[in-house]
Amino acid sequence: MSISTKYNPKEVEKKWYDSWMERGFFHSEPNPNKEPYTIVIPPPNVTGVLHMGHMLNNTIQDVLIRRARMQGKEACWVPGTDHASIATEAKVVAMLKEKGINKSDLTREEFLKYAWEWKEKYGGIILEQLKKLGASCDWDRTRFTMEEDLSAAVIEVFVDLYRKGQIYRGVRMVNWDPQGQTALSDEEVIPKDTMAKMYHLKYEVVADGAEKTYLTVATSRPETIMADVAVAVNPNDERYTHLHGKSVRIPLLGKEIPVILDEYVSIEFGTGALKVTPAHDLNDYELGQKHRLPTIDILNNDGTLNEQAQLYVGQDRFEARRNIVKDLKEADLLAKIEEYASVLQTSERTGAVIEPRLSMQWWCKMDKMAKPALEAVMNDEIRLHPPKFKNMYRAWMENVHDWCISRQLWWGQQIPAYYLPDGSFVVAATAEEALKLARKESGNDNLQLSDLRQDEDVLDTWFSSWLWPISVFDGFKDPDNKDVLYYYPTNDLVTAPEILFFWVARMIMAGYEFRNELPFKNVYLTGIVRDAQGRKMSKSLGNSPDPLDLIDQYGADGVRAGMLFSSPAGNDLLFDEKLVEQGRNFSNKIWNAFRLIKGWEVDESLPFPNEVAVKWFESRFNEAFVQIEDHFSKFRISDALLAVYKLVWDDFCSSYLEMIKPAYQQPIDKQTLEATTAILEKVLKVLHPFMPFITEEIWHELKERKPKEYLIVAPWPKKDKFDKDIIEKMENVLNVVGTVRNIRNSKNIANSKQLDLYIKVMNQDNYEPFHSILSKLANLGEIRFVQENVEGAISFIVAGDEFFIPMEGNIDVAAERERLQKELEYTKGFLASVDKKLSNERFVSGAPEAVIANERKKKADAEAKIHAIEQSLASL
RNA sequence: GGGGUGUUAGCUCAGCUGGUUCAGAGCACCUGCCUUACAAGCAGGGGGUCACUGGUUCGAAUCCAGUACGCCCCA
């Protein structure tokens, strides 16, 4: 038989993924006899391609779902995508541009047709990529936030909340791209560091006195003075105390505006006097609201000045700036011009300088819905992992702002508000209902459908995804259907802390608002995947490896393990290809352990020499398993993997297999092979959630399996008793082995040369049963128990017992003396520190019994050790 | 500016309720091995005043306060 010495993932992965799919292992149906375990995927953008963040996130979900499936739960992982209105619309616009088509030349319907075509073509790519990773989603349940049923849910919710008074229209500042003539989301705005000019303008103080005085105001945008409605100063600024209650005149325009007082104004910045232009600056807008000031909008959509400005009407904002600076100079109203470093907001799409601009938007009230959502997290009904995010969550929820839910786009659910000819509007799920409502409310029965105009805007994508845990089970369309009743509330959600507020908090709100129940019980927050220099991975930086390349190179199992090695919950992961390499090496290690076992011939006549080794490993497995389960229960996935890793590599491969391994080309006895096969099966089980492909492959290679007997659905091990005594004894034995190896190494004794070992010990039972293990692992010849110290030997102490390796006279007495002397000093120092503790009256009376007993044991051990070392020194 | 969070080996991180032989992994490093499961490996080794300063305690990496530096969120 020849099995490659290197594990080859490529051949294996597709085979098993297809096989799992064919047999329907991923598919779930409500089963009253089983406990449901449900995860809904954080739906990736249809525009997205798999990046490292997805890899981490979905690996964790797959680990959780696979474990639950093996635990015999009805495991259901619902996949899907979200329509990502802004990103998708941008992609479609770009695609059309390449074809020479302008969005503005198309009707809404024509544009949406192109958008759907684009979605059908590219929208599923990311889900196909997840399959390469091994994600065991129930693909029959794949949903999309803009499909018919989910869109209907969005509209239903909008109408419902509007009727409840939770949705309203209001003015808000948006990022306006005058070139693209569209509003942009914050994510589409690119800040650029630039040198800007600060103009110091002289505002004449309105006073009864004859002599003109001025208040100097600094601004970077002098062309906006026509939209000024006040000048604000800090009430604590003594330079301006005399202006309290006064007013000033806008330069050139001569219009009188008040001087207002607000602590918001920074005394140090500029001249300490701030012109307030509510229509063209967000902070000014808030200031204006607070002081009940009017807003004057002087800009057209294309960035030119309108009639409101009175001056420079029709000129572009930058042209107007040049002209007004010239005019101000001539009128001697410009005190000075300063250069200063500032950040210019520009459009990602057109590069134009963004204009903050007021516009009418739709809003969803948050305060009422936030209350139960905050409580649920604070009282741990919903647990955040790690819990440090509770504080962040609370801070946000206690100061929650209303949610702007309208977007000036076409790709998305169109807002179901219908305007009447008189400008009033009605909200209804369909145009027909809207018409009925409009007739009723206006009292005008002659209104026709053609008289109504539906709001142009669409809803924010989050307004779809906040319903996700309910809508994927059709919980709006049919609130009592068997799926939603069975699977909702879901169990665990795995996502990034960046969207804790945008998404997680809102899902919790929606859960309570629409089903009166939480949407999930645990939220596992992953970190951000960064590169080795700590930079966030991004396409523009080009510092992100292509996950599919990685899978190609290292295997999906290797990549999965590599991602998890260094990703404690909530901490950023500094990705290094070394990690994935380690993951691949681990695959290879497992593969070779399997090769070893698979290669053995059985000789049925042989006795069973490995009872101790088998017993030990079984205990060791059970001990480790308790730990692994504990890690899982606390969502310490990385720790769980590490515990499995050590169990497999150190205990199973380095210790157990070395103990039972027959000499080269020798057969093995039947009992050992059977026990070892059973052990390997258990090991494969705990490995499977992390490394599904290689484990399924070995599972089938190990034995003939029945048609449905797959590892993916094999029963998860149960917690079992373990023999602490044998674990402790083996630890000592392995310690002895390690020391002997160390001595070989430091004395340059070849591994092939057998050594003898004499043991001076109180209780022979501690070593007697381990004879063959000792001699095999340390390559020993004679092992003998002795009563007296052995002359001409190197000695060492493990757990209070003394060991001697005779050196046939060629022992370096001086070096040996020095080594022992060093150890003696060290042990004496240690004893002194223990003694100090024990002689402290307050320690003895204050510390718990167990701690004191432990200190006493340390003291006794140290004293015994000192005695032994002194004896050895004397006998040298 | 407000809030959050972190600082432990060269690097990335564990260390859970303050107390198990005087702090643990992995990677990197050093030494020796191609010993037929595995060089993607084996055996062994070195490396830390737990950011700093104070406090609480019999006892602090762990709790508290302050300082310094870093990151995140909000404005």
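Letters A, B, ... are given to chains in the order of the sequence lines, protein chains preceding strands, and every chain is numbered from 1. Computation of the quantities below employed the complete heavy-atom set of this structure, encompassing side-chain atoms and omitting hydrogens, waters and symmetry-equivalent molecules.
- The ring pair (Phe, Tyr, Trp, His ring centres under 6.0 Å) check on Phe632(A) picks up Phe690(A), with sequence neighbours excluded.
- Annotation: side chain to side chain donor-acceptor pair (under 3.5 Å) contacts involving residues 553-564 of chain A, sequence neighbours excluded, comprise Asp62(A)-Arg560(A), Tyr554(A)-Glu577(A).
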Would you write the dot-bracket representation of RNA chain B, where each base gets (, ), [, ], | or . depending on whether it forms a Watson-Crick or G-U pair under 3.5 Å and with which partner?
(((((((..((((.....[....)))).(((((.......))))).....(((((..]....)))))))))))).
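- Nearest to the side chain of Phe843(A), among rC27(B), rG19(B), rA14(B), sits rG19(B).
- Among the protein residues, Arg744(A) comes within range of no part of the nucleic acid, since none of its heavy atoms lies under 4.0 Å from any strand.
- Under the side chain to side chain contact (heavy atoms under 4.5 Å, CB included) criterion, Asp380(A) pairs with Arg383(A), Lys390(A), sequence neighbours left out.
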Base versus backbone protein contacts along nucleotides 29-40 of chain B [heavy-atom cut-off under 4.0 Å; B, S, -]:
------BBBB-B
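- In this structure Ala373(A) satisfies the side chain to side chain contact (heavy atoms under 4.5 Å, CB included) test together with Tyr393(A), Met397(A), Ile508(A), Met509(A), sequence neighbours excluded.
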Where protein sits on nucleotides 60-66 of chain B, one letter per nucleotide: B base, S sugar-phosphate only, - none, heavy atoms under 4.0 Å:
-------
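- OP1 or OP2 of rU5(B) lies within a sub-4.0 Å distance of a side-chain N or O belonging to Asn391(A).
- Here Asp639(A) lies in heavy-atom contact (under 4.0 Å) with sugar-phosphate atoms only.
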Generate the contact string for nucleotides 69-75 of chain B. Rules: B means base contact, S means sugar-phosphate contact only, - means no protein heavy atom under 4.0 Å.
----S-S
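- Remark: Glu13(A) engages no residue in a salt bridge (charged side-chain N to carboxylate O under 4.0 Å, His left out) (not counting sequence neighbours).
- In terms of the side chain to side chain contact (heavy atoms under 4.5 Å, CB included) criterion, residue partners of Lys747(A) (sequence neighbours excluded) are, by chain and number, Ile743(A), Ile749(A), Ile794(A), Glu816(A).
- Within the structure, salt bridge (charged side-chain N to carboxylate O under 4.0 Å, His left out) contacts touching residues 726-735 of chain A (residues at least two apart or in different chains) are Asp725(A)-Lys729(A).
- Not a single ring pair (Phe, Tyr, Trp, His ring centres under 6.0 Å) links Trp600(A) to another residue, sequence neighbours left out.
- For the residue pair Asn8(A) and Glu11(A), a side-chain donor N or O sits within less than 3.5 Å of a side-chain acceptor on the partner.
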